[in-house]
There are 2 protein chains.
Amino acid sequence: MRFQKTTEYALRVMVFLWNHQGELYSVNRMHKILNIPYKYLGRVMHTLTGAGFLEVQQGKMGGYQINAQKSQIYLYEIIGAIEGLDSYERCVLGFPECSDENPCTLHKIWSNQQPGLKDMVYNVCLNDLGAEYNLKY
Amino acid sequence: MRFQKTTEYALRVMVFLWNHQGELYSVNRMHKILNIPYKYLGRVMHTLTGAGFLEVQQGKMGGYQINAQKSQIYLYEIIGAIEGLDSYERCVLGFPECSDENPCTLHKIWSNQQPGLKDMVYNVCLNDLGAEYNLKY
DNA sequence: TTTAAATACTACTTGTAGGTGGTAAATAAT
DNA sequence: ATTATTTACCACCTACAAGTAGTATTTAAA
Ligand code: SF4
Ligand code: SF4
């Protein structure tokens, strides 16, 4: 019952770039600031770029920044690009053959929590996350 | 963001035995009824027995049943025996060095959901789970 | 006493998230 | 042009959850 670590990495770097728009940041700079393994962050950046969240400039002095055409980025977009949204669209366990009439043992307790989690994933965007904290990252 | 599959196995078999108290069930019988791999269920049963939830009778005609001294079994006990309770006692990400003043990017949204999840894990017991459904299992 | 059916235990296999390392290609500074 | 710094890409490694296989041990029925 936890988010994937890679998802937190992705959100961390996206929040960072969101709050530093207009400047290019290389993986080398960011991995120190955000405390994420260098090479692994490189792969995450590649994924996030492929998902359309970022603009890249290759070569010396290059780096990443938020895609200027993005006026909002919701958590579900990022989570979807990294670990998928199955847990929120279906359920934690995700048995394909289940329903209210044919539930697994966790259905009752989960169906109480599902809406809140779904709401937080679908209705929170990067602005909401970054504003409230003075992130060290 | 999902429970471990083994946790669902454990809850499934515990609910089943809870609702069939006073009779011994072998792994061979249960794995067919509950649709859990035979050998894997055997290991889960061994773990659950070690945690004190079950009484065992070895040998022919043997099997498992709920420990008669248990008048209630809460979900946190079972989850704790299988995958641990770190996610509920600490948080989804569980960084040791975090706090409200030093949060990770997910702290805000998670701290909205944490109480509800914690409540469901700590205040729901097997009676609550089994009563509501006509489980095929 | 023999046999069948059960748990107990150990080792192995598989799939995947997380992480490491090396190199090719791009590109700005020199 | 050369060099340094960067992304892009590919192959591999590691840890762990999930699942498989086989055997020793226990025990009741026959
Ligand atoms: S029965 Fe409910 S909790 Fe179980 S897998 Fe289906 S939707 Fe999820
Ligand atoms: S900062 Fe909050 S969400 Fe992040 S690891 Fe700590 S308690 Fe969890």
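All chains are named by letter (A, B, ...) in the order of the sequence lines, taking the proteins before the strands, and each is independently numbered beginning at 1.
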ask   = Side chain of A:E83, backbone of A:Q4: donor and acceptor closer than 3.5 Å?
value = yes
query = Who are the side-chain hydrogen bond (donor to acceptor under 3.5 Å, both in side chains) partners of A:D119, not counting sequence neighbours?
reply = A:N123
query = Expressed in angstrom and rounded to an integer, what is the separation of A:F3 atom CZ from C:dG18 atom C1'?
reply = 18 Å
ask   = Within the structure, does a side-chain N or O atom of B:K60 lie under 4.0 Å from either OP1 or OP2 of C:dT7?
value = no
query = Over how many whole Å does the gap from A:M61 atom CE to D:dT5 atom P extend?
reply = 11 Å
task = Round to a whole Å and report the spacing from CD1 of A:I36 to P of C:dT20.
result = 12 Å
query = B:L24 CG to D:dT26 P: how many Å, rounded?
reply = 19 Å
key: Heavy-atom donor-acceptor pair, A:Q113 side chain to A:W110 backbone, under 3.5 Å   = no
request  = State, to the nearest 10°, the angle formed by the axis through the first five base pairs of the helix from C:dT1-D:dA30 to C:dT30-D:dA1 and the axis through its last five.
outcome  = 10°
query = Quick one: side-chain hydrogen bond (donor to acceptor under 3.5 Å, both in side chains) partners of A:Y38, sequence neighbours excluded?
reply = none
query = Tell me: CD of B:E55 to P of D:dT27, nearest whole Å?
reply = 15 Å
inquiry  = Looking at B:T6, I'd like to know whether one of its side-chain N or O atoms comes within less than 4.0 Å of OP1 or OP2 on D:dA17.
reply    = no
Exercise answer: donor-acceptor pairs, residues 39-47 of chain B side-chain atoms, under 3.5 Å, sequence neighbours excluded:
unit_1: B:Y40; atom_1: OH; unit_2: B:T6; atom_2: OG1; d: 2.7
unit_1: B:T47; atom_1: OG1; unit_2: B:R43; atom_2: O; d: 3.1

So which protein N/O to nucleotides 7-11 of chain D N/O distances come out below 3.5 Å?
unit_1: D:dT7; atom_1: OP1; unit_2: A:V27; atom_2: N; d: 2.9
unit_1: D:dA8; atom_1: OP2; unit_2: A:Y64; atom_2: OH; d: 2.8
unit_1: D:dC9; atom_1: OP2; unit_2: A:H46; atom_2: NE2; d: 2.6
unit_1: D:dA11; atom_1: N6; unit_2: A:R43; atom_2: NH1; d: 3.4

Side chains of residues 66-79 of chain A: which donor-acceptor pairs under 3.5 Å do they make with residues two or more places apart or in other chains?
unit_1: A:N67; atom_1: OD1; unit_2: A:Q69; atom_2: N; d: 2.9
unit_1: A:N67; atom_1: ND2; unit_2: A:G52; atom_2: O; d: 3.2
unit_1: A:K70; atom_1: NZ; unit_2: A:E77; atom_2: OE1; d: 3.3
unit_1: A:E77; atom_1: OE2; unit_2: A:Y74; atom_2: N; d: 2.8

remark   = Looking only at D:dA28, C:dG19, D:dG19, the nucleotide nearest the A:Y40 side chain is C:dG19
Pairs of donor and acceptor atoms involving the side chains of residues 22-29 of chain B, under 3.5 Å and at least two apart or interchain, shall be tabulated with distances.
unit_1: B:E23; atom_1: OE1; unit_2: B:Y25; atom_2: OH; d: 3.3
unit_1: B:E23; atom_1: OE2; unit_2: B:R29; atom_2: NH2; d: 3.1
unit_1: B:S26; atom_1: OG; unit_2: B:N28; atom_2: N; d: 3.4
unit_1: B:S26; atom_1: OG; unit_2: B:R29; atom_2: N; d: 3.1
unit_1: B:R29; atom_1: NH2; unit_2: B:L24; atom_2: O; d: 2.9

note = ring pair (Phe, Tyr, Trp, His ring centres under 6.0 Å) pairs touching residues 48-70 of chain A, sequence neighbours excluded, are none
ask   = Expressed in angstrom and rounded to an integer, what is the separation of B:L48 atom CG from C:dA8 atom P?
value = 12 Å
request  = Nearest whole angstrom, please: distance from the C1' of D:dA15 to the CD of B:Q4.
outcome  = 13 Å
request  = Check whether any side-chain heavy atom of B:Y9 lies under 4.5 Å from a side-chain heavy atom of B:L34, and answer yes or no.
outcome  = no
inquiry  = Let's see if you can work this out: which of D:dG19, D:dA18, C:dT20 has an atom nearest to the side-chain heavy atoms of B:P37?
reply    = D:dG19
Integer-rounded Å distance: D:dA4 P and A:R29 CZ = 21 Å
